[in-house]
Each structure stands twice: as structure tokens, then as C-alpha cells.
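Everything below concerns the one structure shown next.
Quantities reported herein were computed from a predicted structural model and do not represent experimental measurements. Just so it is clear: chains get the letters A, B, ... in the order the sequence lines come, proteins before strands, and each one is counted from 1.
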2 protein chains.
Amino acid sequence: MSLESLKPFLDPHSIAVIGASENPNKIGGRPLLYLQRFGFKGRVYPINPTRTEIQGRPCYPSLDGLPEVPELVVIVVPGDNAVAAVKDCAARGVKAVIVMASGFSETASPEGKAKEQDMVEAARAAGMRLVGPNTQGLANFGNGAVTSFSTMFTTEPGTDGPIAVVSQSGAMSAVPIGLLRQMGLGVRYSLATGNDADVTVTEMAAAAASDPVIKLLLLYLESIPRPDQLAEMARIAHERGVYVVALKAGRTDAGQRAARSHTGALANEDRVVDAVLERLGILRVRDLASLVSAAALYLKGWRPKGRRLVAISGSGATCVMAADAATFAGLQIATLNPETRVALDKLLPTFATTANPIDLTAALLSNNRLLSDILPIIARDDAADAFMVGFPIAGEGYDVPAFARDMAAFAGTTGKPIVVAASQVPIASEFRSAGLPTLPLEAEAIDALAQFIRHAELIERAKQRPAPTWSRPQPRTRRGERTLNEAESLALLAKAGLSIVPHKLCRSAAEAIAAWRELGGPVAVKGCSSDITHKSEHDLVRLNLDAEEEIRKAYGAIETAFATLKARFDGVIVARMVKGLREMMIGAHRDPIFGPVVVVGEGGKYVEALPDLKLLLPPLQSADVISALRELRCAPVLAGVRGEAPMDVSALARAAAQVSSLMQTARPEILSVDVNPLLLASEGEGYTIVDAVVIVEEPG
Amino acid sequence: MSLESLKPFLDPHSIAVIGASENPNKIGGRPLLYLQRFGFKGRVYPINPTRTEIQGRPCYPSLDGLPEVPELVVIVVPGDNAVAAVKDCAARGVKAVIVMASGFSETASPEGKAKEQDMVEAARAAGMRLVGPNTQGLANFGNGAVTSFSTMFTTEPGTDGPIAVVSQSGAMSAVPIGLLRQMGLGVRYSLATGNDADVTVTEMAAAAASDPVIKLLLLYLESIPRPDQLAEMARIAHERGVYVVALKAGRTDAGQRAARSHTGALANEDRVVDAVLERLGILRVRDLASLVSAAALYLKGWRPKGRRLVAISGSGATCVMAADAATFAGLQIATLNPETRVALDKLLPTFATTANPIDLTAALLSNNRLLSDILPIIARDDAADAFMVGFPIAGEGYDVPAFARDMAAFAGTTGKPIVVAASQVPIASEFRSAGLPTLPLEAEAIDALAQFIRHAELIERAKQRPAPTWSRPQPRTRRGERTLNEAESLALLAKAGLSIVPHKLCRSAAEAIAAWRELGGPVAVKGCSSDITHKSEHDLVRLNLDAEEEIRKAYGAIETAFATLKARFDGVIVARMVKGLREMMIGAHRDPIFGPVVVVGEGGKYVEALPDLKLLLPPLQSADVISALRELRCAPVLAGVRGEAPMDVSALARAAAQVSSLMQTARPEILSVDVNPLLLASEGEGYTIVDAVVIVEEPG
């Protein structure tokens with residue numbers, strides 16, 4: 001990732017626009033209008049063979065006539081003309097081009113894809129970087145380099161600020177800016193990368209995160225083409241203390257279909273995206289509202305210490321809803337220290353509530369000092385990590401400027417996060433002007449606070465873990481694959497150190513009987529074949545056999561069943577019957593973008609129907625798996641309920657880590673592992689893998 | 001419920017204010033200011049012994065000097081003075097009083113409760129109605145009768161409209177009004193009932209719903225003291241086509257604690273509240289934002305026919321996020337008819353997407369007609385039930401008035417719900433002025449649409465079911481209760497027609513052996529005692545016994561165990577071993593407010609640890625239970641997965657309905673039923689109840 005090569009996009013000395021228009025509402029007119037309006041200080045060259053002047057600037061027929069080779073060229077002309085213009089720029093030593101036209105790889109047409117490839121090759125051969133095609137362009141409100149045609153900027157004051165919005169979509173590079181402005185927040189960058197043909201959204205995000213002004217990076221993604229860059233970008237951001245919040249759309253089948261026709265995005269498996277972003281300390285949000293809602297909190301330099309919330313309001317209902325919202329958001333209502341309660345009782349009227357949430361009641365209207373008076377008392381209480389003060393209604397009779405001033409001072413003294421809820425626009429503005437993050441409603445304020453706290457925790461966890469080892473995805477040469485039969489699969493796992501059920505693969509009834517005698521006690525008898533993975537459904541499993549005649553009959557029946565199925569018959573497995581407390585599973589497969597992923601959770605036959613699984617990314621340590629197991633629905637049962645013994649989650653975690661390492665190191669490469677069931681025993685008693693299917697790459 | 005008696009609150013001819021103040025920012029000053037400002041046409045009497053004139057009106061020392069007995073009296077004075085004022089009003093024939101002071105039953109103090117009781121008794125004895133105490137008051141913007149001290153109304157234009165907000169909390173009677181105004185919606189009623197000492201929030205809501213102007217009723221509740229009134233209110237509302245949306249706060253433990261100190265609310269079991277509101281066709285929302293978000297949709301008179309959504313935007317990202325949001329909200333992305341696709345392909349540029357969601361791309365900026373041109377084509381397609389049109393960015397270059405006009409016409413033609421997403425304030429206003437429900441972001445717009453559609457479906461379902469039979473909760477005389485032992489519990493269920501396991505209660509080893517012979521085949525042997533309900537934990541259960549000696553040993557061991565436990569020993573149950581496909585449960589108990597409730601779901605020993613349950617309200621029919629079972633997590637397994645037979649959910653549903661009817665009719669009254677496990681067999685094979693505990697009332 002060469003961030004230096006992106007500098008001409010963000011801080012160019014000279015810009016030409018090929019396809020410039022006099023009309024500021026045309027795509028070719030807007031960038032010129034914006035460069036003017038937002039005070040770009042560099043040189044600007046409109047190019048259009050039909051004009052001599054455009055928007056008050058001298059216009060040139062082609063790159064030929066310019067007094068210099070421009071650093072950045074914005075290409076507005078469509079189709080083949082765009083391709084020609086890119087080649088022309090490349091030939092002349094232009095450093096950076098933005099291609100705005102659509103109709104390339106985002107369409108289903110092979111011609112579109114070929115044209116895009118053509119442009120990229122020309123650019124790369126010349127060492128020129130290319131943003132787009134199918135992009136709305138870029139904006140830097142720090143220096144006025146606004147090479148975008150977004151309609152949003154027709155009404156944009158261009159207030160610079162410590163936030164960057166980076167997006168594959170044009171609209172989503174601009175919409176958050178409008179929302180942030182409504183919250184009184186300035187934004188420096190609005191960067192849309194379109195089809196990511198050369199410069200990717202992650203590269204551009206890394207460039208923005210490298211700007212010392214930036215404290216918050218908001219990403220809109222429809223695909224993650226380069227996990228290596230994503231990880232590098234997160235590293236750069238966190239090194240600089242920049243928070244990264246991401247909205248990755250196309251979570252659902254319907255959304256992924258829409259994304260394919262929008263930016264031609266390759267589908268990412270959504271739970272892999274969840275795990276990847278979490279691993280990198282990037283907070284994933286579900287929609288645009290939550291992309292921006294906590295923005296003001298990120299800019300304050302607060303370092304949250306915990307999740308214990310104190311809520312204060314003059315409205316009892318706000319207190320009730322705040323308590324509900326805190327619980328839903330995973331925050332705790334702090335239990336204030338007794339001294340705090342005593343001090344509050346002295347100050348507040350008897351019908352006020354001095355337990356947290358603190359309800360000042362309508363008494364606040366009669367005595368505006370109440371709020372300011374209690375703040376120093378609460379500031380001394382170490383039971384509180386964060387604060388929400390709700391003003392569902394303020395205005396005449398309330399000294400809002402005093403509230404805002406005293407709360408801002410309080411925030412400065414304590415250094416603890418505080419957020420205000422105020423839905424009346426002028427009241428909210430007053431709090432925002434005092435530097436207090438303010439959202440309309442208590443639940444929104446608490447959600448934003450919880451998001452900020454969770455995000456800080458996420459980054460801490462990400463920093464403590466080894467960096468992921470993703471590389472640039474390579475087009476995979478389609479090689480053969482081979483499904484190992486159960487005996488081979490178990491052998492492979494045993495070799496890697498996992499605990500498998502004692503068993504024998506037998507090719508005759510006599511061998512099976514001998515195996516039963518050797519294993520001792522009741523056994524399971526199962527048909528073994530790489531052709532058939534769902535044995536039970538084909539009636540190829542007999543359980544709890546403990547007599548010679550039973551074994552002989554079972555062998556015969558299974559052999560016959562295979563003949564009827566016309567399936568490959570590798571023999572019969574005779575395995576000791578094992579008891580466990582719960583059926584678990586460990587799975588693994590290769591994501592086309594992110595490589596090996598491991599899944600762990602409840603096993604048994606209803607894995608698909610009643611999924612209770614967590615997806616994890618290698619390299620995996622036992623501790624990572626243990627944390628993940630704690631988030632399973634069945635976690636209470638694993639921990640032991642109603643007097644039952646806790647189960648051996650450490651052993652299960654070690655097993656998952658071993659599978660993870662197998663996925664990374666085994667040669668020939670393992671394509672997938674499906675361990676199910678793994679019978680988990682009580683603490684200290686380990687587990688036994690009873691069935692498994694492994695698929696390996698078949699070289700050549 | 002006498003709605004006639006509430007008329008003086010909403011449409012009084014004369015109003016007196018006891019404790020009137022010259023200062024409009026005092027509680028006693030605000031109502032006078034508002035009556036003036038909002039144009040109340042009736043007579044107004046300030047009462048304050050220290051003044052002769054207040055806010056330009058003649059002031060009276062007491063009720064004595066007034067030229068008439070006022071219909072409505074607002075009492076602002078606190079504590080004992082408030083009680084005295086109530087008694088004075090009652091004595092003089094006042095019809096209605098509003099008591100604003102706090103410090104009564106919402107505090108923990110017995111004196112506060114006693115004072116409140118005193119006021120209520122005085123009012124009731126005189127046939128006078130009382131709102132409050134601890135209330136912010138009432139507002140009717142239809143006639144200017146604004147007897148509230150809410151600060152919200154200092155900035156309120158008082159625009160009348162078809163919405164009523166009714167709330168136990170003062171702030172929450174007003175905050176929604178501010179939010180609705182920001183959405184351009186007028187509101188007629190803002191009614192706060194405070195402690196609900198006499199007039200309840202449900203009674204007041206019924207009065208508002210009876211006003212022919214009202215189309216939407218928004219409720220804020222912290223408790224539901226009167227289920228009978230709630231049901232009656234819902235009936236009145238639905239008869240008139242009024243939608244009722246409720247925010248019942250105090251969902252969580254923390255929230256319920258806060259509610260107790262706010263309005264002294266009795267805790268309602270939250271899942272009972274869910275079921276109650278659903279049963280009545282009242283949509284429950286989680287927070288204030290969703291209380292108001294769909295308001296505009298409710299006012300259009302649309303009758304949604306289905307859940308198939310068409311999303312249209314000039315932004316591909318909006319299309320992707322709309323598809324995600326629709327899936328999350330339970331809507332389907334409609335598959336447009338082939339003729340529609342052909343017609344759209346003709347109109348739109350090749351890089352646009354004519355599959356739904358329809359992405360017009362930035363081509364819309366070049367050709368503003370695109371949107372208006374496609375509307376008539378989509379209007380003809382019967383595959384679409386509802387529409388979302390997203391304008392993430394509009395402004396210069398976009399003919400927003402034309403978009404708004406053509407979409408409003410489209411909505412008129414199709415009669416199908418349509419919602420707009422536009423986050424820029426002036427753009428949103430333009431769409432709202434054209435009568436189009438508009439929310440800032442696509443996900444919010446689609447959530448609102450989905451809420452409206454779900455609500456319409458909910459009301460239809462509620463109408464098709466028999467009305468609930470809740471009565472006014474009576475203080476329950478604490479009578480005795482008796483836990484039936486397992487044999488008695490099973491007998492009671494068998495008598496009611498449920499299928500129980502064949503078994504015998506035996507008082508000796510010999511009896512147990514005889515029972516085993518009679519039952520034939522393997523049996524379970526279980527200690528029977530009304531003292532001990534968790535038998536397994538005390539090792540009082542032996543399974544799969546099938547030999548005389550085993551039975552004898554088991555009997556002896558269990559008898560000894562009881563002696564050690566010093567528990568009552570009612571004998572030993574010998575029961576046939578039964579196989580089922582899945583362990584289910586049926587529970588029932590009596591809610592102190594709503595009476596009998598039934599719970600059905602997964603059984604087994606992890607009912608509490610891994611709950612997968614639905615709560616239902618009598619009277620129950622099998623069809624109700626079958627619908628509920630479909631919402632269980634284990635529903636796919638009940639339906640049959642991976643080639644397994646479907647289970648006998650009809651039989652389970654009948655059983656739950658029988659338990660429900662038992663809870664309603666059995667004498668002595670049944671206090672609770674706990675059937676677990678119920679072994680469910682495959683379709684047509686029924687079920688067997690293997691264990692049960694019933695607790696009955698012990699009369700006298």
C-alpha cells in the first residue's frame with residue numbers, strides 16, 4: 001500500500017477536468033463549481049474542445065494545450081472516451097486520475113469489465129493511480145480540493161473537521177456528511193472510490209487515517225476486496241488513535257444481490273465480515289443512523305473505563321427509559337456509594353429519587369440549581385463510569401446555558417464520557433455548542449454511549465491479539481479435492497493431537513467381531529465411505545451393539561445397504577460407545593477472501609436447523625475460543641446449571657485451536673473440516689470426537 | 001368506564017386554577033398562559049388569596065367568590081393543601097379536578113399514599129373525577145383547553161391534528177408532540193394522568209380515541225393497572241379505525257425499579273405485557289423514536305395488502321441498504337412481473353438496475369423524468385404491496401417538487417403505502433408537504449413501513465379472536481395453596497382429557513413389582529412427594545428398569561432417600577418408559593393483573609437456562625397455539641428437518657388449550673401448572689405427559 005501515491009488525490013497542486021461543463025448541475029460542471037466555492041488554491045484546467053471558457057476559467061481543447069502536466073485529472077467523459085482519456089493521461093505522466101463514468105465492471109457485461117481492465121492496465125503500466133470508475137469523486141474540505149459531483153455539496157458549508165467518510169458508494173460518501181452537519185460536526189474528507197478498480201476503499205481510508213487531523217473514520221463498504229489492506233489500514237488508524245466505524249452493506253441475500261448490480265461487489269460471507277471487523281477493532285454498525293450517531297463522542301479524547309452508567313433527568317420517564325435502554329445496550333446502572341446518596345438526599349426534595357437513575361422531578365423547574373449542585377457530588381463517586389443527562393423538555397424557565405456550562409465543566413473534571421439527550425433542536429444546539437455530545441432521545445444517547453464504550457473495548461482486545469495474516473487474495477487455480485472417509489478423517493485429526501474415539505476400520509464381519517472384543521463393551525458399527533457423509537439418513541449406523549451375533553448382522557446389513565446405494569464401500573468402523581455431557585461441533589473452511597475460518601458451537605444433527613455457533617479467525621488461541629464459547633446460547637449449560645458439573649470448555653477450546661492451526665499449516669492443504677459430534681465431558685475429562693469429515697486439496 | 005365523566009377534562013366550559021401564579025414559568029402560571037395563548041374560549045378563574053389580578057385576569061381568593069362552580073379545577077398547591085382543595089371542590093359540585101402536586105403514592109411513604117387515598121375517596125363520594133396527582137396536566141389543541149404546565153408548550157404552535165398522546169408521565173405526554181411537529185404532524189391531545197389515582201391512563205386514552213378526529217393514539221405507560229379498561233379502550237379504538245401504539249417502559253429489572261419510584265407503578269411481567277398488547281391489536285414499541293416514526297403512515301387511510309416491497313432510488317447504496325433493511329424488518333423484496341422489467345428496460349439506461357430494488361443511478365441527475373416515467377409502469381404491477389423511494393441526496397439539479405407531485409399522485413392511484421427517505425431537511429419538508437410520509441434514512445423509512453404493515457395485520461388477527469375476559473383486578477385475599485404430588489397432578493390432567501403416561505402409585509416394593517408386571521416392559525421408578533419437585537436432583541428417579549430385583553432395589557433406595565431427606569413420602573410411581581421425538585413443556589400461572597397465562601415451548605431440564613418459550617393468553621384455541629409454536633426457535637425441528645417426520649404439534653396445541661381452559665374453569669382454582677417433559681411424538685401419534693406439578697388453591 002503506497003499512501004504517498006494517493007497524495008495527488010487529496011492534496012493536488014493542479015487539477016484538470018476532461019469533459020468540463022459550463023452547467024454546474026452537470027457532472028462535468030460540478031467539480032469546477034466546487035473547486036471555486038471551497039477555495040481550492042491550486043491550478044485548475046477545464047478541458048472541453050467546444051469551449052474557450054468555462055465557469056470563468058480559460059478552457060482547453062485537450063491535455064495538449066495545458067501549460068503543465070496536471071497532477072490530478074478528473075475524467076467525466078463516458079465509455080470509450082474515458083478509456084482513451086485514461087491512456088492519454090498515463091502517456092503524459094499524470095499522477096492520478098478520477099474516472100466518474102459508469103458502465104464498467106459494475107454492469108454484468110463483459111465489455112464493461114474489459115474496458116475497465118484496459119484502463120487499469122494503462123494506469124498501472126505508467127505508475128499512475130486511478131480512482132473509480134463509477135465514482136462520484138473526492139472532497140477535501142481542508143484545502144478545497146473538491147473533485148466530486150455530489151449534489152450534497154451544493155448546500156454544504158464545507159466546514160473542516162476531524163472526521164473522514166470513505167465509501168465505495170458515491171451517495172454514502174456524502175450522506176453522512178449531511179447527517180454530521182445536522183449534529184454540528186465538521187468533516188474533512190468525503191472520498192468515494194466506486195468500483196475500486198485500482199485505488200481501493202481500504203487504501204483511501206488508510207490515506208485519510210494518516211492525516212493527523214483525523215480522529216474518526218467512517219466507512220461504507222459493499223465488499224472487502226483486500227483483507228491485507230484492511231488490516232494495514234486498521235493498524236495505521238489505531239496507531240494514531242483513530243476510531244474506525246464501518247457499515248458493510250449487503251448483509252442479507254437481497255442486499256447482496258443489490259450490491260452485485262451496484263458496485264459489482266463480490267459477496268462476502270456476512271458472519272466472516274463480522275469476525276474480520278471485530279478482530280481488527282473496527283466497529284461494525286447496521287445502518288447509516290448508527291454510523292454517525294456516536295460521532296461526537298469519538299472526538300472528545302475520552303478513555304472509557306467501564307460500563308457503569310449514571311442517568312440523570314428532571315423526568316422520571318426518561319429515568320425509566322434510560323434504565324431500560326442501558327440494560328438493552330449492555331451497560332449497567334451504577335450503584336452509587338452511600339456517601340453520594342446521603343449528600344444527594346440533603347440537596348434534593350423528598351419526592352426526587354437519589355438512587356441512580358437520579359430523578360430531579362419537576363422540582364428542577366422551580367430550582368434550576370439542583371442539577372449543577374449535584375454534579376460535583378457525583379463527580380466524586382468512583383462507582384460511575386459514564387453519564388447520560390436527559391432533558392426531554394427544556395426551554396423557558398430552564399437556564400440551559402448554565403446547565404450546559406456546568407456539565408461541560410463536569411466532563412472536563414471527571415474525564416468520563418457524558419452524553420446529553422435533548423430532542424428540541426434549539427436546546428440540543430445549546431448543549432452541542434458547549435461541546436457536549438447530544439442526541440435527541442435517551443435511548444439514542446445511551447446507545448451511542450454504549451457503542452463508544454464497546455468500541456474502545458474492542459480496540460483494546462484487538463491490540464492484544466496477534467495481527468491476522470491475511471494476504472492479497474489470489475485467483476485460486478481450480479485444483480482437485482478429495483473427501484476423506486471417516487476413518488481417514490479421524491486419523492488425520494488424531495495425528496494433529498485431537499482426541500478421537502477408539503475404533504477399527506474392518507473389512508469383514510470377522511474383523512468387526514474381533515474389533516468389538518478388543519475394544520471391550522458396547523460399540524457403534526458404522527458404514528465407512530467417502531461417498532456418503534450423512535450416514536444416519538442412509539441407515540448405515542448401529543449403536544450399542546454388544547454381542548457377536550449383533551455385530552455380524554450389522555456388518556451384513558451395512559454391506560448390503562452399500563450395494564443397494566451403489567456407493568463406494570470402504571469398510572465398517574467399529575467404535576467404542578462413548579458418553580459425553582453435550583454434543584458440540586468444530587468446523588472449518590476456506591473463505592475465498594479471508595482464507596481459513598473456524599466455526600465452533602453446538603453439535604448434533606440440528607446444527608443447521610438450530611444453529612448456535614461462533615465463527616473465529618486464525619491464528620486462534622484457546623483463550624479466543626473460550627471467549628467465543630461464552631457467547632453461545634448454550635453457554636450456561638457448558639458452565640453447569642442446576643448443580644451439574646461444568647464441562648471441559650478448555651479442552652474444546654484447545655481442539656478448536658488445533659483445527660485452526662491445521663487449516664493454516666497442513667499440506668496438502670485442508671479445504672474443510674467438519675467435526676460433529678464432539679462429545680464434551682465434564683471439566684478435566686476432555687472430549688471425544690466421534691465423527692468427522694475432512695476434505696483435502698488433491699494436488700495436480 | 002364512563003367516558004361522559006371525562007368530558008369536563010377535555011372540553012370544559014369553565015376552568016379555575018387553585019394556586020395561580022403571575023409568573024408564567026411557575027407551575028401555577030403556565031396553565032393560565034396556555035389557556036390564553038391557545039385560544040381557550042371558556043371562562044377562566046385564577047385563584048390565589050394574595051392577588052387581585054393574575055396574568056390580566058381577575059383573581060379570586062378562593063372558590064367561594066367565583067360567579068359559578070367551575071367545571072374543571074386545576075389544583076397546583078402542594079401536600080395537605082391539595083387534599084383540602086380536592087375536598088373543597090368535591091363539596092361544591094365541581095365535576096373534574098387535576099392535581100399537579102407530587103409527593104403522594106409515587107413516593108415510598110405511607111403518608112403520601114394515605115393522602116392520595118383521602119383525595120380519591122372525597123372525589124368518588126361526590127361523583128367528581130380526578131386526574132393525578134403527580135401530573136403535568138392535559139392539553140386539547142382543538143379547543144385551547146391547555147391545563148398543563150409542560151415547558152414544551154412554551155414553543156408549541158398548537159397545531160391541531162388527528163393524533164392523541166396519552167401518558168402516565170408528564171414529559172412523555174409532551175415529548176412526542178415535539179417529535180411529531182418536527183415531522184410536520186399536528187396533534188390534538190396531550191394527556192398526562194400521573195399516578196392514575198382515579199382517572200386512569202386507559203380511561204383517558206379511550207376518551208381521546210372516541211373523538212372522531214383522532215386516527216392515531218400514542219400511549220406511554222409504566223404500568224397497566226386496569227386490563228379491563230385497556231381491552232375496552234382497544235375495542236373503541238378499533239371500532240373507529242384508530243391505531244394504538246404503546247410504549248410500555250420498565251421492561252427490564254432496572255427499568256422497573258426506576259418506574260416504581262416514578263409513578264409508583266406496580267411491576268407487570270414484561271412478556272405478559274407483550275402478549276396482552278398483541279392480543280388487543282396494540283402495537284408495542286421499544287422506544288420513543290419508534291413510538292412516533294410511523295405516525296404519518298397511520299394517517300393516510302391506507303389498507304396494506306401484503307409485505308412485498310419495491311424500493312427505488314438514484315443511489316445504488318440506498319438500494320442495497322433498503323434490501324438489507326427490508327429483510328431485517330420482515331418485508332420481502334417483490335419480484336416484479338416480466339412485463340414490468342421489459343417496460344423498465346426500455347426507459348432506463350443500460351447501467352441502471354431494473355430488478356427490484358430499482359437503481360436509477362446518477363442518470364436521474366441528467367434526466368429528472370426517469371422517476372416519474374417509471375411510476376405508472378410499477379403502479380400496474382400487482383407484485384408490489386408497498387414502496388420506498390430513497391433520495392439520499394437531492395437539491396440543485398433535481399426537480400424535487402415534480403418528484404413529490406408525481407409520487408403523491410402515484411400513491412393516490414395505487415392506494416398502496418409509500419414512504420420516502422430523505423435526510424436533508426428542506427428536501428424532506430418538500431415531500432411531507434405533498435402528503436408523503438418521509439423519514440430521514442432508508443432503514444428508518446422501511447422500519448416505519450414494516451411497523452405500519454405489521455400493525456394492520458395485528459389488528460386483523462385481534463379482531464378475529466374472541467375478546468379477552470379480563471376483569472378489574474381485585475385485591476386477592478391471601479388463601480392457602482397446596483402443591484399436588486406427581487400422581488395427583490397427573491390424575492388431574494388426565495381427568496381434563498390430557499394424555500399422561502401409564503403408571504401406578506405404589507406404597508410397597510411388592511406393589512411396585514406388580515405394577516411393573518402389569519405395565520409390561522421397562523419402567524421408570526420415581527419417588528412421589530408434594531415436598532419435592534426436582535426429583536432428579538435428589539436422585540429419586542431410576543429409568544429403564546425391567547427386572548423384579550431392579551424394581552425392589554429401586555423402591556428401597558428411594559424410600560431410604562426420603563427418610564434421609566426428611567421429606568413427605570407419598571409412595572413410588574412406577575411408569576411405563578415412553579419414547580418421544582422431543583421434550584416439550586406446558587406451563588401456566590396466574591398473573592396478578594391479567595389472570596391466567598399459559599406458556600408453551602421446549603421442555604427438558606434446561607427450560608430456564610435455554611428458554612425457548614411463548615406466552616399465551618386464555619381463552620386459547622389450538623390455532624393460537626400452533627401459530628405460537630411456529631415462532632419458537634425449535635420450530636424447524638417440530639416441522640421435521642433432514643427427512644425426519646413432522647411432530648404432532650396439533651396434539652400439543654390441543655393440550656395447551658386444555659390447560660388454558662383448566663386455568664379458567666377448574667374449582668378449586670388452579671394456581672399453576674408445570675407439565676415438563678411432555679414427550680411429543682410424530683404427527684398423528686400424539687404426546688405423553690411424563691411429569692407434572694400442579695398447585696391448587698386451598699380454600700379456607
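- For Pro176(A), no part lies near chain B; criterion is any non-hydrogen pair under 4.5 Å.
- The closest donor-acceptor contact from the side chain of Ser173(A) to the backbone of Ser167(A) lies at 3.5 Å or more, if one exists at all.
- Closest approach of Ala334(B) and Arg308(B) over heavy atoms only: CB-CB, 3.8 Å.
- A pairwise comparison of heavy atoms in Ala329(A) and Ile446(A) identifies CB-CG2, 4.3 Å as the closest pair.
- Contact annotation for Pro611(B): only backbone heavy atoms (N, CA, C, O) come within less than 4.5 Å of a heavy atom of chain A.
- Heavy atoms of Asp612(A) lying under 4.5 Å from chain B belong to its backbone as well as its side chain.
- Contact of Ala326(A) with chain B is not made at all, since no heavy-atom distance falls under 4.5 Å.
- Looking at Ala394(B), only its backbone comes within 4.5 Å of chain A, counting heavy atoms on both sides.
- Contacts with chain B were tallied for Glu644(A), Arg642(A), Lys605(A); Arg642(A) has the most, counting heavy-atom pairs under 4.5 Å.
- Between chain B and the residues Cys319(A), Gly112(A), Ser423(A), the most heavy-atom pairs under 4.5 angstrom are made by Ser423(A).
- Between Thr107(A) and Thr350(B), every side-chain heavy-atom pair lies at or beyond the 4.5 Å cut-off.
- Contact of Leu610(A) with chain B is made through backbone and side chain together, with heavy-atom distances under 4.5 Å.
- Within 6.0 Å of atom CG in Asp253(B), 12 or fewer heavy atoms from other residues, nucleotides or ligands are found, so the atom counts as exposed in its surroundings.
- With a threshold of 4.5 angstrom between heavy atoms, Thr155(A) approaches chain B through side-chain atoms but not through N, CA, C or O.
- Across Ala317(B), Ala249(B), Ala254(B), Pro636(B), the residue that shares the most heavy-atom pairs under 4.5 angstrom with chain A is Ala317(B).
- Taking every heavy atom of both residues into account, Ser148(A) and Tyr34(A) meet most closely at O-CD1, 3.2 Å.
- Within the 4.5 angstrom heavy-atom criterion, only side-chain atoms of Ser150(A), from C-beta onward, approach chain B.
- Interface remark: Tyr398(A) contributes side-chain atoms only to the contact with chain B (heavy atom separation under 4.5 Å).
- Interface remark: Arg257(B) contributes no atoms to any contact with chain A (heavy atom separation under 4.5 Å).
- Minimum interatomic distance between Pro133(B) and Ala101(B) (heavy atoms only, all atoms of both residues): CB-O, 3.5 Å.
- Using a 4.5 Å cut-off between heavy atoms, Leu288(A) touches chain B through backbone and side chain atoms alike.
- Interface residue Val641(A): only side-chain heavy atoms are found under 4.5 Å from chain B.
- Contact count against chain A (heavy-atom pairs under 4.5 Å) is highest for Leu365(B) among Thr318(B), Leu365(B), Asn23(B).
- Using a 4.5 Å heavy-atom cutoff, the side chains of Pro357(B) and Ser313(B) are not in contact.
- Within the 4.5 angstrom heavy-atom criterion, only side-chain atoms of Ala443(A), from C-beta onward, approach chain B.
- For Asn368(B) (side chain) and Asp399(B) (main-chain N/O), a donor-acceptor pair under 3.5 Å exists by modelled atom type.
- Here the shortest heavy-atom pairing between Val285(B) and Ser290(B) reads CG1-O, 3.6 Å.
- You'll find the side chain of Glu608(B) stays beyond 4.5 Å of the side chain of Tyr606(B), heavy atoms only.
- Chain A forms the most heavy-atom pairs under 4.5 Å with one residue out of Gly178(B), Gly250(B), Ala352(B), and that residue is Gly250(B).
- Between chain B and the residues Gln424(A), Arg633(A), Arg251(A), the most heavy-atom pairs under 4.5 angstrom are made by Arg633(A).
- Options Ala311(A), Ala171(A), Gly314(A) differ in how many heavy-atom pairs under 4.5 Å they form with chain B, and the most are formed by Ala171(A).
- Of all heavy-atom pairs between Pro392(A) and Met172(B), the closest is CB-CE, 4.0 Å.
- Counting heavy-atom pairs closer than 4.5 Å to chain A, the top residue among Asn356(B), Thr361(B), Val425(B), Thr353(B) is Thr353(B).
- Only the side chain of Tyr220(B) has a heavy atom closer than 4.5 Å to any heavy atom of chain A.
- With 3.5 Å as the limit, one finds no donor-acceptor pair spanning the side chains of Thr327(B) and Asp324(B).
- Expressed to the nearest 0.5 Å, how far OG1 of Thr135(A) lies from CG of Asn195(A) amounts to 9.0 Å.
- Arg30(A) touches chain B through its side chain: at least one heavy atom from C-beta onward sits under 4.5 Å away, while N, CA, C and O do not.
- There is no contact between Gln332(B) and chain A, counting heavy-atom distances below 4.5 Å.
- Glu444(A) touches chain B through its side chain: at least one heavy atom from C-beta onward sits under 4.5 Å away, while N, CA, C and O do not.
- Chosen from Cys634(B), Ala363(B), Gly643(B), Ser366(B), the residue pairing most often with chain A at heavy-atom distances under 4.5 Å is Cys634(B).
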Chi angles and distances behind the side-chain contact (heavy atoms from CB on, under 4.5 Å) call for Gln182(A), Val292(A): CA-CA 11 Å; Gln182(A) 288 175 19; Val292(A) 299; over 6 Å; no

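- A heavy-atom distance below 4.5 Å is not found between the side chains of Ser315(A) and Ile393(A).
- Ranking Glu442(B), Arg286(B), Lys26(B), Met100(B) against chain A, the residue ahead of the rest is Arg286(B), based on heavy-atom pairs under 4.5 Å.
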